[in-house]
Number of protein chains: 2
Amino acid sequence: MARVAGVSQASVSLVLGGKWHGRISAPTAERVREAARTLGYRPNLAARNLRTGSARTVLLVVPSLTTHFFAGVHTGAARVAAAHGFSIVLYPSPAGVGPARDPFASAPAALDGVLASSMAAQALTVLRGDRLPLVMLDSEPDATPGTATVNLDIADGVRQVADHLLGLGHRRFLHLRADVPSWTFAQRARALEERLAAVPGATLRTAASSMTADHGRAAVEGALSAPGPRPTAVVCDDDMLAVGAYKAARRLGLRVPHDLSVTGVDDQVLAMALEPELTTVRLDAELTGERGMEALLSVIEGRAPVTHDIPVELVVRGSTGPAPRT
Amino acid sequence: MARVAGVSQASVSLVLGGKWHGRISAPTAERVREAARTLGYRPNLAARNLRTGSARTVLLVVPSLTTHFFAGVHTGAARVAAAHGFSIVLYPSPAGVGPARDPFASAPAALDGVLASSMAAQALTVLRGDRLPLVMLDSEPDATPGTATVNLDIADGVRQVADHLLGLGHRRFLHLRADVPSWTFAQRARALEERLAAVPGATLRTAASSMTADHGRAAVEGALSAPGPRPTAVVCDDDMLAVGAYKAARRLGLRVPHDLSVTGVDDQVLAMALEPELTTVRLDAELTGERGMEALLSVIEGRAPVTHDIPVELVVRGSTGPAPRT
DNA sequence: GCCCCTCCGTTTTACGTATAACGTGAACGT
DNA sequence: ACGTTCACGTTATACGTAAAACGGAGGGGC
């Protein structure tokens, strides 16, 4: 390469690295670029990484990419990373069985930082101790002081849901919880409890289910068949659970929203596919990924850790209506 | 590291690389491992990659991870890659706007091979010319002779759909095409046409739509409102388009499946969420990813390219029923 | 004439690993 | 006693880059 261009190897590095101004004349620089073009020359990344001590690579830790939300997070994070010349490597689904794998074993090169979802708790225990820049997504604000976090204010979304349903006259609520031990779900439960505690006459039942439509259906069917006055609104931790609520309602002969109002969280494509379309809390997954990656790159580049808040938005559609008269 | 273990650097490499049998005594090997453990020593990946000339890394080219199918492909591919000590780097969504980016610019290290979906056509033009091992997913069998392919026999799935509907007495069909210029969709259209051409009295209309529920609805609504005898079955290229068909049916006052049968392709979570549940062609995305990665690793390791066929399966649910009497 | 500066490059070095090539005692066969 | 093998490690080298250190030629100031 250097031979073809008729210059030294160092000049090649300077030109292709874009740091030649004032050191290499314009014609020579052009000659180097031309030679690189005709040869199809690409700098050896391994050598570059060895020399610079960095591969400009970041680890993204999420439970599963098949979850709509995390796929969106990846998309947003990847966009920002690419814009800064960084690459993303995914931590292989810790949600799968087996012990937490060594996150570094999955990377093709040294890591500059870690962007981790709070739902991937297993991996974090592995990551502690390595002094890598770390940014948490949707984690408890003061859980890890000093590290940047990107916080989705889902609690606020749940409060909006509660207010919306209260405004429609609902007083008897069923909360369909995702039985995943994660702060994000605990937060939702607490927000709903607190909001309803402030309303005289409001009651709250709780059911828990794994995050599939079928388990959700069973849980809701059980809770709605229990003795006592039946809840008129089901607040679900997730759109997929809301599908379960729809199915339960159908089996029990209840119409949505006439007899039973249902809400979700996420606003997946699912929400618009349902009939009636689902009232739900929209989470902007891509924005979450973007902000997370921006925060992480800030830390990597030595700036102070910032904390972002991602606003959420209640999207009212057809699955919520006035509470039925008793 | 070598100092701490009281041994030469070469011995460290041998022991940690697992190639010490017969060259290093067991006690010494143990001493090295012990030292590595206490120091938290990790081999420098950049140096290793430079020395070995490989980063054991593969590029996965898919249009978008937010598409359910491709997220599944990634999951399967990642599982196999991890089992062989390989890493996956994703090519950043070529479906996005802008010119095709340099795939190698997104990688943190040198690539050993490429696993590409046929739907990411843009990227392929970039990849041609680089003599990297390449495996295509769901691409036209003889499009790239010599390269391994993993073929989803969706044409067969469509034929099963046609036979299923014909058996239910349907004769007037509407094909809702995804207007994406990809071989996989062209293949579906051809299979349906050929199958119906063999049935006297069978008719086929076609509508095209981008892959969103709303556009699908509009396309189906238009096609069903056109003059002439109305189709009684809508065969959709995708589950998302089937959602559009449901919505169109509702707007036109048609019940599924009583007045209109609907089918999809994919079997996303969506399919079970719909009411009635969707009859669709199940594609095993994870298996596709696994087979694809296995084929690619074979080529990388110097074995002959193999071609796999992934079977598809018609899943009959509630969205198809007997053709209405005229 | 001498010193100093600027411009344009080159020479050299270090990064940390994998592995080929090279000892070095001790045991062993004859 | 002497070559041969074996078991166990070490020394030395190359990978391709980034960047610090180092000129050399030409020009300007005094």
Side-chain angles (χ1 to χ4, degrees), chain A residues 1-37 39-57 85-87 102 104-105 107-112 130 300-301, chain B residues 1-36 39-57 85-87 102 104-105 107-112 130 301:
Chain A
M1 168 63 204
R3 278 201 321 277
V4 173
V7 299
S8 76
Q9 191 281 319
S11 301
V12 174
S13 175
L14 287 173
V15 172
L16 266 42
K19 316 186 176 175
W20 55 278
H21 300 276
R23 325 240 306 112
I24 308 284
S25 70
T28 306
E30 183 48 43
R31 210 167 65 242
V32 169
R33 275 190 293 263
E34 173 59 20
R37 213 171 301 125
L39 290 187
Y41 168 82
R42 293 174 181 290
N44 181 306
L45 293 177
R48 167 179 297 173
N49 295 343
L50 174 60
R51 175 63 226 236
T52 61
S54 157
R56 298 183 78 77
T57 296
F86 272 73
S87 306
D102 179 357
F104 300 97
L111 301 175
D112 294 309
D130 294 280
I300 290 174
E301 286 162 8
Chain B
M1 168 62 205
R3 279 201 322 278
V4 172
V7 86
S8 78
Q9 189 278 319
S11 301
V12 173
S13 175
L14 287 173
V15 171
L16 267 42
K19 315 186 176 175
W20 55 279
H21 301 277
R23 327 238 306 110
I24 309 284
S25 69
T28 306
E30 183 47 42
R31 209 167 68 242
V32 170
R33 276 191 291 264
E34 173 59 22
L39 290 187
Y41 168 82
R42 293 175 181 287
N44 181 307
L45 293 177
R48 166 178 297 172
N49 295 343
L50 175 59
R51 175 62 223 237
T52 62
S54 158
R56 297 184 78 77
T57 296
F86 272 73
S87 306
D102 179 359
F104 301 96
L111 301 175
D112 294 308
D130 294 281
E301 287 163 6

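Sequence lines set the chain letters: A, B, ... in the order given, protein chains first and strands last, and positions in each chain run from 1.
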ask   = Looking at CG of B:Leu50 and CG of B:Asn44, how far apart are the two atoms once the value is rounded to the nearest 0.5 Å?
value = 9.5 Å
query = What is the distance from atom CZ of A:Arg48 to atom OG of A:Ser54, rounded to the nearest 0.5 Å?
reply = 10.5 Å
ask   = Nearest-Å distance, CH2 (B:Trp20) to C1' (C:dT17)?
value = 20 Å
message = Measure CZ/B:Arg3 against P/C:dG16 and give the value in whole Å, please.
response = 12 Å
ask   = So, do A:Asn49 and B:Asn49 sit near enough that their side-chain heavy atoms are less than 4.5 Å apart?
value = no
ask   = Is A:Tyr41 close to A:Leu16 at the side-chain level, that is, under 4.5 Å between some pair of heavy atoms?
value = yes
Listed once per pair and sorted, the side-chain hydrogen bond (donor to acceptor under 3.5 Å, both in side chains) pairs that draw on residues 12-23 of chain B, sequence neighbours left out = none
Test side chain to side chain contact (heavy atoms under 4.5 Å, CB included) applied to B:Pro108 and A:Thr57, A:Leu45, A:Asp112, the passing residue = A:Thr57
task = Could you tell me whether A:Arg31 and A:Glu34 have a side-chain N and a carboxylate O separated by less than 4.0 Å?
result = no
ask   = Under a 4.0 Å N-O cut-off, is there an ion pair linking A:Arg33 with A:Glu30?
value = yes
task = Tell me whether the OP1 or OP2 atom of C:dT17 has a side-chain N or O from B:Tyr41 closer than 4.0 Å.
result = yes
request  = Heavy atoms of chain A, cut-off under 4.0 Å: which first and last nucleotide of DNA chain D, 5' to 3', fall inside that, if you could look?
outcome  = D:dG16 to D:dA21
request  = Have a look at A:Val7 and say if it touches a base, only the backbone sugar-phosphate, or nothing, with a 4.0 Å heavy-atom cut-off.
outcome  = sugar-phosphate
ask   = Which nucleotides of nucleotides 19-27 of chain C have their base under 4.0 Å from a protein heavy atom (B), which only their sugar-phosphate (S), and which neither (-), written as one string 5' to 3'?
value = B-B------
task = Select from B:Ser8 and A:Gly17 the residue whose nearest nucleotide in DNA chain D is closer to the 5' end of that strand.
result = B:Ser8
